Amino acid sequence: RAPSGKHPGPRHSLTHRHLMPTSRGWALLGAGSAFGILWWIFGDPELLLVGAFLVFAALAAVVYVRYNRPDLAVSRRIGAPAVHDGEQTMVTLVVHNLANRHVPHLRMSDSVEKLGVASFEVASLSPRDRATASYLVTCSPRGVYRVGPALGQVMDPLALAELPIPSSAVDRIIVYP
């Protein structure tokens, strides 16, 4: 519960999320460190210059993502939360940019328990704009299926660093015989 006694809404804070380099960012840091070691071994100043540039680029990407922290709200709509075995239902995921700046390279994935994962990417989300993605779920066999939580990442333009974004609530689809 929130401190006021009310349930928090779909808007989440990113203060406790982990900012990390992507695999591309780690590779750049590793290559920069390797060039630094080669400079130390051979003494060639160009090796140090290249190594410092690569490490600086990866660290600059982390700083860019940290200071361009998005303010997003993620929600989901399920067309028919109760269906019969073999029928389809539409699931719609909505990401709303609450900030006054663009959100570059947004990647989202939403899972349906035992049935699969739907993923989508948005190149840039404008200020106060929404991105919507819909997908069909064929429900079989009968049972109760968890939908979500939707997980996502926001990255810098070169995809060197990423910041996980808030996840949506977990919903369910009930499949009758």
Side-chain angles (χ1 to χ4, degrees), residues 1-27 61 65-66 68-177:
R1 288 190 169 265
S4 64
K6 297 180 182 178
H7 290 287
R11 187 174 169 185
H12 300 277
S13 170
L14 296 175
T15 55
H16 302 295
R17 303 292 178 171
H18 299 287
L19 173 64
M20 291 292 292
T22 61
S23 55
R24 185 182 296 180
W26 284 116
V65 171
R66 176 160 173 77
N68 288 304
R69 188 171 289 195
D71 188 11
L72 302 171
V74 181
S75 62
R76 178 186 307 104
R77 293 187 301 259
I78 299 178
V83 295
H84 290 282
D85 189 6
E87 291 182 348
Q88 293 182 332
T89 187
M90 179 73 69
V91 178
T92 303
L93 198 63
V94 179
V95 180
H96 187 190
N97 182 7
L98 303 172
N100 288 323
R101 62 179 171 261
H102 288 277
V103 175
H105 198 125
L106 171 65
R107 181 182 300 159
M108 294 293 301
S109 64
D110 198 21
S111 63
V112 180
E113 181 182 36
K114 300 178 186 172
L115 296 178
V117 177
S119 299
F120 73 96
E121 294 188 26
V122 178
S124 179
L125 189 58
S126 298
R128 306 280 179 204
D129 199 6
R130 294 174 191 232
T132 304
S134 298
Y135 58 95
L136 281 173
V137 177
T138 303
C139 302
S140 181
R142 68 185 183 121
V144 178
Y145 295 94
R146 287 181 19 176
V147 181
L151 303 173
Q153 301 92 23
V154 175
M155 296 186 212
D156 67 291
L158 298 176
L160 299 176
E162 67 183 0
L163 178 70
I165 64 169
S167 58
S168 66
V170 175
D171 293 311
R172 66 183 186 166
I173 298 174
I174 300 172
V175 182
Y176 296 110

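The model shown is predicted, which means the values in this text are computed figures rather than measured ones.
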Revision key, fill the gap. Note: Val83 and Gln88 closest approach over all heavy atoms is CG1-O, 4.4 Å
Practice item. Please collect all salt bridge (Lys or Arg N to Asp or Glu O under 4.0 Å) contacts where either partner lies in residues 150-162, sequence neighbours excluded, each pair once. Key: none
Exercise for review: Would you please name every residue forming a side chain to side chain donor-acceptor pair (under 3.5 Å) with Thr92, sequence neighbours left out?
Suggested key: Ser134
Check your understanding: Can you list the residues that meet the side-chain contact (heavy atoms from CB on, under 4.5 Å) rule with Pro104, with sequence neighbours excluded?
Key -> Tyr64
**Study point:** Test item: Val74 and Met108 side chains (from C-beta on) under 4.5 Å apart, heavy atoms
**Key:** yes
**Study point:** Under 3.5 Å: donor-acceptor pair, side chain of His105, backbone of Val154
**Key:** no
**Study point:** Minimum heavy-atom distance between Phe120 and Ala133, given as atom pair plus value
**Key:** CD2-CB, 3.4 Å
Check your understanding: Could you give all pairs that pass the salt bridge (Lys or Arg N to Asp or Glu O under 4.0 Å) test and reach residues 110-128, with sequence neighbours left out?
Key -> Arg76-Asp110, Arg107-Glu121
Practice item. With sequence neighbours left out, write down each residue that passes side-chain contact (heavy atoms from CB on, under 4.5 Å) with Ala27, or none if nothing qualifies. Key: none
Review point. Are Leu106 and Asn97 close enough that some pair of their side-chain heavy atoms sits under 4.5 Å apart?
Key: no
**Study point:** Minimum heavy-atom distance between Val117 and Ser109, given as atom pair plus value
**Key:** CG1-CB, 4.0 Å
Practice item. Would you name the heavy atoms of Ala161 and Val65 that are closest together and state the gap between them? Key: O-CG2, 3.7 Å
Review point. With side chains defined as the heavy atoms from C-beta onward, is the minimum distance between Ile165 and Val103 less than 4.5 Å?
Key: no
Point to revise | Sub-4.5 Å side-chain heavy-atom contact between Cys139 and Thr89 | key: yes
Practice item. Mark yes when over 12 heavy atoms from residues, nucleotides or ligands other than Arg101 sit less than 6.0 Å from its CZ; otherwise mark no. Key: yes
Check your understanding: Residues in side-chain contact (heavy atoms from CB on, under 4.5 Å) with Ala159, at least two apart?
Key -> Arg24, Met155
**Study point:** Minimum heavy-atom distance Arg142-Tyr176, with the two atoms named
**Key:** CB-C, 4.1 Å
Check your understanding: Atom CZ of Arg77 and atom CG of Leu93: how far apart are they, to the nearest 0.5 Å?
Key -> 9.5 Å
**Study point:** Partners passing side chain to side chain donor-acceptor pair (under 3.5 Å) against Ser140 (at least two apart in sequence or in another chain)
**Key:** Asp85
**Study point:** Any residue meeting side chain to side chain donor-acceptor pair (under 3.5 Å) with Asp129, in chain and number order, not counting sequence neighbours
**Key:** none
Practice item. Check the pair Val137 / Val147 against side chain to side chain contact (heavy atoms under 4.5 Å, CB included), numbers first and verdict last. Key: CA-CA 10 Å; Val137 177; Val147 181; over 6 Å; no
Review point. Mind checking what makes side chain to side chain donor-acceptor pair (under 3.5 Å) contact with Thr132, not counting sequence neighbours?
Key: none
Practice item. Go through the structure and list residues passing side-chain contact (heavy atoms from CB on, under 4.5 Å) with Ser124, not counting sequence neighbours. Key: His102
